[in-house]
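Input: a single structure, listed below in structure tokens.
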Amino acid sequence: MNYYSLNQQSPITDFRNATILGQAPDGGLYFPETVPVLNREWIRNLKNISREAIAYEVIRPYVGDTIPEDKLRTIVQETIDFPIPLKKINDSIYSLELFHGPTLAFKDIGARFMSRCLGYFAREGSRRVTVLVATSGDTGGAVASGFHNVEGVDVVILYPSGKVSSVQEKQLTTFGDNIHALEVEGNFDDCQKMVKQVFTDKELTSKMFLTSANSINVARWLPQQFYYFFALQQWPFAEAPVFSVPSGNFGNICAGLMAWKSGLPVKHFIAACNANDVVVKFLETDHYTPQKAVPTISNAMDVGNPSNFIRILEIFNRQSGEMKKVLSANTTTDDRTKALIKEVYKKNHYLLDPHGAVGFDALDHYLQKYPNDKGIVLETAHPIKFLDVVEPLIGENIPIPAAIADTLNKEQKATVLKNEYSVLKSYLLKIANSNL
Ligand SMILES: *Cc1c(COP(=O)(O)O)cnc(C)c1O
């Protein structure tokens, strides 16, 4: 399988290069030349196939011959070595719990797959790779956990001092070893700006092999298809489900659409958005107008210009009419999100996190119009990650899951960094020199 740049100004390349580069040299996102079509009989038989075999079958064509079969089977197996259960909330709404991985958010799946692929490519090329990532909270933890002790890879995480939650800071700063946490005296935009500057710095890029681990990387994006198949495996009805996907950068829902294009039976997709509603407006007006991100309580979806939306356009050959047959969108206020967390907990004894609650609202709206359908909300994070919001609403303490109890007791280690590019550069040069 080859990948082309959606800006059309870079040569096509294979999975290995697309993963190492992250983004095409022309600044475009990579997109596969063809979408594989899965065997219909195989899809009908999903319930009798192991999760590992499903995931392997789905990702194999995308990886091509850049990773040998036995190695890819191991990578897939390690990526999904935690449960992804489908739980009933009410008669027509189910929750696919994507938060049982090490950092309790769905980003674990993409980060674990990508880290293992990159580790493999680094060892093959016998060059140490340095992964640079700026985080506003969730991404850094998933990336740190995914890359911890992966041979041949160093990870440098920049996070804004005082602006991540205490659980998130623990997840960023307690790994040590090949994971370097930098606490930047600035905000998230400052962190992101410095990371971008690194990639244009000729001295650094000639001395070290740098890449980024953000969500546009094909190795983070494509494995997110896995759990749409796992959902179908557990789906108790004959009719295909509607998927409601809490969306920010639109990578997750875009992966679902790829799975559908490959033949997975899905009735409809709903992009569940908070106040950041660029795509909702696009579907109403056919005009795409990026906005400044608005802060909300479902903060992992506070994105004003979702980078993966262009991939969704590509899936539908830029025909918005075709897109609207399969995809709709909904926007939910913070007040409604809070009310729903309370209501669903009381009525259905199911605790949603703010992102899942936005997804629930979108699906609930849809089902009022189509009462014979049934659907699945992707529950993208564990409510404990947002305990400041959730606990006061339900008036109870949330028990701390075993996956993070350990992390919370570990010692934090971060290097405080002035918000100055030259300071970051000296730090990276030190890493470069120690790798010689
Ligand atoms: C990142 C994230 C999202 C948004 O996912 P996208 O792929 O960017 O649309 C939703 N919920 C949570 C908890 C997240 O961390």
Side-chain angles (χ1 to χ4, degrees), residues 6 22-23 27-29 98 103 105-107 109-111 133-143 158-160 163-165 168 187-193 195-196 212-218 220-221 224 243-257 269-285 287-315 323 327-334 336-337 353-359 361-362 377-381 385-386 389:
L6 291 178
Q23 195 167 328
L29 271 66
L98 298 172
T103 73
F106 84 98
K107 290 190 172 69
I109 292 145
V133 61
T135 184
S136 58
D138 263 359
T139 299
V143 169
L158 284 77
Y159 71 94
K163 296 201 173 58
V164 300
S165 81
Q168 288 170 332
N187 60 26
F188 172 64
D189 290 327
D190 297 323
C191 297
Q192 195 154 36
K193 202 168 135 214
V195 166
K196 284 196 174 144
S212 89
N214 58 21
S215 64
I216 59 176
N217 195 301
V218 293
R220 258 192 75 183
W221 169 49
Q224 299 178 125
F243 276 103
S244 175
V245 188
S247 295
N249 244 332
F250 282 68
N252 194 359
I253 194 164
C254 186
L257 287 163
F269 285 91
I270 311 165
C273 303
N274 56 27
N276 296 279
D277 60 354
V278 208
V279 174
V280 180
K281 292 219 171 90
F282 172 83
L283 290 170
E284 280 166 9
T285 63
H287 291 292
Y288 183 83
T289 319
Q291 302 164 354
K292 239 186 113 180
V294 182
T296 73
I297 56 167
S298 46
N299 59 7
M301 312 198 299
D302 296 349
V303 181
N305 185 13
S307 35
N308 281 290
F309 187 63
I310 183 151
R311 282 187 170 135
I312 297 186
L313 286 170
E314 190 71 6
I315 291 176
M323 184 192 292
L327 176 71
S328 54
N330 186 70
T331 167
T332 300
T333 62
D334 276 358
R336 176 84 187 130
T337 307
D353 96 293
H355 304 78
V358 168
D361 188 42
V377 177
L378 300 200
E379 195 17 312
T380 48
K385 292 195 94 168
F386 305 93
V389 175

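The structure displayed is predicted, hence computed values, not measured ones. Sequence positions, counted from 1, serve as the residue numbers for this chain. Side chains included, hydrogens not; waters and symmetry mates left out as well; all remaining heavy atoms used.
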| field | Interatomic distance, R311 atom CZ to I216 atom CD1 [nearest 0.5 angstrom] | value | 7.0 Å

| Mind checking whether M301 and T380 have side chains closer than 4.5 Å, heavy atoms only? | no

| task | Evaluate the side-chain proximity of I253 to L327: yes if any heavy-atom separation is below 4.5 Å, no if none is. | result | yes

| Tell me, do F106 and L378 make a side-chain contact under 4.5 Å, heavy atoms counted? | no

| field | Nearest atoms (heavy-atom pairs only) where D138 meets A105 | value | OD2-CB, 4.1 Å

| said: Ignoring hydrogens and geometry beyond distance, is a side-chain donor-acceptor pair present between R220 and N217 at under 3.5 Å? | reply: no

| request: Considering non-hydrogen atoms only, spot the tightest contact between Y288 and F309 and give its length. | output: CE1-CD2, 3.5 Å

| query | Who passes side chain to side chain contact (heavy atoms under 4.5 Å, CB included) against Q291, sequence neighbours left out? | reply | D277, V278, K281

| said: Is it the case that the side chain of N308 and the backbone of N249 share a donor-acceptor pair, with hydrogens and angles ignored and the cut-off at 3.5 Å? | reply: yes

| field | Closest approach of A142 to A111 (non-hydrogen atoms, all atoms of both residues) | value | O-CB, 3.4 Å

| query | Any idea which heavy atoms bring K107 and A300 closest together, and the distance? | reply | NZ-CB, 4.5 Å

| query | Tell me, do E284 and V280 make a side-chain contact under 4.5 Å, heavy atoms counted? | reply | yes

| request: Please examine the side chains of Q168 and Y159, heavy atoms only from C-beta on, and report whether any two atoms are closer than 4.5 Å. | output: no

| Are there more than 12 heavy atoms of other residues, nucleotides or ligands under 6.0 Å from atom NZ of K163? | yes

| query | Hey, what do you get for CG (L6) to CD (Q23), rounding to the nearest 0.5 Å? | reply | 11.0 Å

| Between the side chain of D302 and the main-chain N/O of T296, is any donor-acceptor distance below 3.5 Å? | yes

| query | For the residue pair F243 and F269, does the interplanar ring angle fall in the parallel (under 30°), tilted (30 to 60°) or perpendicular (over 60°) class? | reply | parallel

| query | Which residues satisfy the ring-ring contact (aromatic ring centres under 6.0 Å, His included) test with F188, sequence neighbours excluded? | reply | none

| So, do D190 and P160 sit near enough that their side-chain heavy atoms are less than 4.5 Å apart? | no

| remark: Rounded to the nearest 0.5 angstrom, the CG-CH2 distance for N252 and W221 is 12.0 Å

| said: Do L313 and M323 make a side-chain contact, defined as non-hydrogen atoms from C-beta onward lying under 4.5 Å apart? | reply: yes

| query | About how many Å separate OG1 of T289 and CG of N305, when rounded to the nearest 0.5 Å? | reply | 10.0 Å

| task | Applying side chain to side chain contact (heavy atoms under 4.5 Å, CB included), run through L158 and Q192 and close with a yes or a no. | result | CA-CA 8 Å; L158 284 77; Q192 195 154 36; over 6 Å; no

| field | N276 side chain to V294 backbone, donor-acceptor under 3.5 Å | value | yes

| Taking all atoms of both residues into account, what is the closest heavy-atom pair of D353 and E379, and its distance? | OD1-OE1, 2.6 Å

| said: Main chain of G359, side chain of S244: is a donor-acceptor contact present, judged purely on distance under 3.5 Å? | reply: yes

| said: With a 3.5 Å distance limit and no angle check, can you tell me whether S247 reaches the backbone of F250 through a side-chain donor-acceptor pair? | reply: no

| query | Does a donor on one side chain sit under 3.5 Å from an acceptor on the other, for D334 and N274? | reply | no

| remark: Residues S307 and L29: closest non-hydrogen pair is O-CD2, 3.5 Å

| Distance-only, no hydrogens or angles: does the Q224 side chain make a donor-acceptor pair with backbone N or O of I109 under 3.5 Å? | no

